[in-house]
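A short write-up of the structure that comes next.
A, B, ... follow the sequence lines: proteins, then strands. Residue 1 opens every chain.
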2 protein chains.
Amino acid sequence: MSDNQTDKTVEMVSETHASKRPYADALLRLKQVGLRPTRQRMALAKLLFDGGDQHITAEDLHGMARKATVKVSLATVYNTLHQFKESGLLREVVVGPGRSYFDTNTHAHHHFYVEPAGELVDIPVDSVELSRLPSPPDGTVMDRVDVIIRVTQA
Amino acid sequence: MSDNQTDKTVEMVSETHASKRPYADALLRLKQVGLRPTRQRMALAKLLFDGGDQHITAEDLHGMARKATVKVSLATVYNTLHQFKESGLLREVVVGPGRSYFDTNTHAHHHFYVEPAGELVDIPVDSVELSRLPSPPDGTVMDRVDVIIRVTQA
DNA sequence: TTTCTAGTTTAGAATTGTTTTAAACTATTG
DNA sequence: CAATAGTTTAAAACAATTCTAAACTAGAAA
Ligand SMILES: [Mn+2]
Ligand SMILES: [Mn+2]
Ligand SMILES: [Zn+2]
Ligand SMILES: [Zn+2]
C-alpha cells in the first residue's frame, strides 16, 4: 500500500513532469525516509530509481555517477547504499563471495543468478510456490526466505 | 549411490578402524578425486570430514589445524578448500557480504541462517517443498536451487 | 635406490571490496 | 545571517582472498 502509493508517484512524475522536474521523485523518496536531499544523494537516488529495477554493485553505481559527471566519492556511494538499505529503499542480495548487489526492487521476490555472467534476474514471488517450510530452530523467528536459482549460460 | 557407498565406508572406518587407521577415510577421499595425499591435505580432510556435518570458514579451519598442531599455511587452506569444492567434496554457501562457509554436506539441502550469530543450520531437502519453479531465462540451464531462510535470535 | 618431474606448499606481496577516520563542508533551524 | 547536526571526502586501515615465485615432495621412471 505504501509501496503502491510510491509507485504511483513515480509513474506520475516520470510521465508528466520528468522533463520539468527531474528530481521530484528522488526528493520525495529522501524526504520520506528522513535523509537530507544533498547533491550526492539526489544524484544517486536518481540513478538508482529512475530506470526500472536494477541490481547494482557499489562500484557500478560509482561508475554510473562518474559517467553522469556527478562528483561523488566511493565512500559516499557506500554510505548512501547502506542508508537506503536501512531505510527500506533498497535490498541487498548476496550471491557469491565478494559479490553483493543492491536491488531497487524491495518487494518480496526471488532471483535467478546467471553464471558466469554474474547477472541477477528477478523472479516474481508468486511464480515460486514454497508449499512447505520447516519451523525455525528453537529460540529463533523467521525473517525472510530467499530463493536463488543458479543457472549457467548454455 | 556413490554417496551412499562413501558414507558406508566412512562409517566402517570410523566405527571399526578409526583408532588403528585414523587416516583411512581421508586417504580414500583424496584418492577418489585424484589429489595427492600430502600431509596438509590429509590433515585438513580429517578435520573436515571426521566430525559430522560442518559449516566452516577458511579461517576457522586454519584455526582448527593450528590447534591440532598441524603446520599448514592459510594459502594452503584456501587452495585445499577450493580443490575440495571443485572435486565435489565440499559445497560453498554464501550468506552475506564477506560471509562464506564451506559445507561438508554435499547432498542437496537448504539452510537456516541465524543472525546475528552467523550460524548455518541444515534443512533436509525434503522438508522444503518447492512445488512450482519458473523456467530459467533463455539460453540458460538450471544448476541448483538454494533456499536460505534467514532467522533472527528471538 | 636414485633421479626426474609435475604437483604442492609457503611466506609474503598484492588485490579486492569495504569501512573507518577526522577534517572540511553544507542543509536546516532559529 | 549564525549555530549545529548531518554529510562528504581523501586517505588510511581493514578483512578476506588471491597471486607470485621459490622451495619442497609424492609418485613414476630409470
Ligand atoms: Mn572462494
Ligand atoms: Mn554492506
Ligand atoms: Zn531483484
Ligand atoms: Zn549445509
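Closest to the side chain of Arg41(B), out of dT28(C), dT9(C), dT10(C), is dT9(C).
The separation between Arg36(A) atom CZ and dT29(C) atom C1' is 9 Å, rounded to whole Å. Residue Leu35(B) contributes atom CG, which lies 9 Å from atom P of dT9(C) at whole-angstrom precision. The CG atom of Leu30(A) sits 13 Å away from the C1' atom of dA27(C) (whole-angstrom rounding). Between Glu92(B) atom CD and dA16(D) atom P the separation is 14 Å, expressed in whole Å.
In this structure, Gln54(B) contributes its side chain and Leu47(B) its backbone to a donor-acceptor pair below 3.5 Å. Remark: the backbone N or O of Gln83(A) is paired with a side-chain donor or acceptor of Ser87(A) at under 3.5 angstrom.
The shortest distance between the side-chain N/O atoms of Tyr78(A) and the OP1/OP2 oxygens of dT18(C) is below 4.0 Å. Under 4.0 angstrom from either OP1 or OP2 of dT10(C) there lies at least one side-chain N or O belonging to Gln40(B).
Within 4.0 Å (heavy atoms only), Thr76(B) reaches at least one base atom of the nucleic acid.
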Using the salt bridge (Lys or Arg N to Asp or Glu O under 4.0 Å) rule, take Asp146(B) and Arg91(B) through it: C-alpha gap first, then chi angles, then the decisive distance, then the call.
CA-CA 12 Å; Asp146(B) 287 339; Arg91(B) 279 178 50 184; 3.6 Å; yes
Are Tyr101(B) and Val95(B) close enough, and set up right, to give a side chain to side chain contact (heavy atoms under 4.5 Å, CB included), and what steps lead you there?
CA-CA 8 Å; Tyr101(B) 294 88; Val95(B) 287; 3.7 Å; yes
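For the helix from dT1(C)-dA30(D) to dG30(C)-dC1(D), the rotation axes defined at the first and last 5 base pairs enclose an angle of 20°, given to the nearest 10°.
Residues Glu59(B) and Arg39(B) both approach DNA chain D. Their nearest nucleotides, taken by heavy-atom distance, put Glu59(B) toward the 5′ side.
Partner of Asp122(A) under the side-chain contact (heavy atoms from CB on, under 4.5 Å) criterion, chosen from His110(A), His55(A), His107(A): His55(A).
Ring geometry for Tyr78(A) against His82(A) counts as tilted: the plane angle lies between 30° and 60°, on a 0 to 90° scale.
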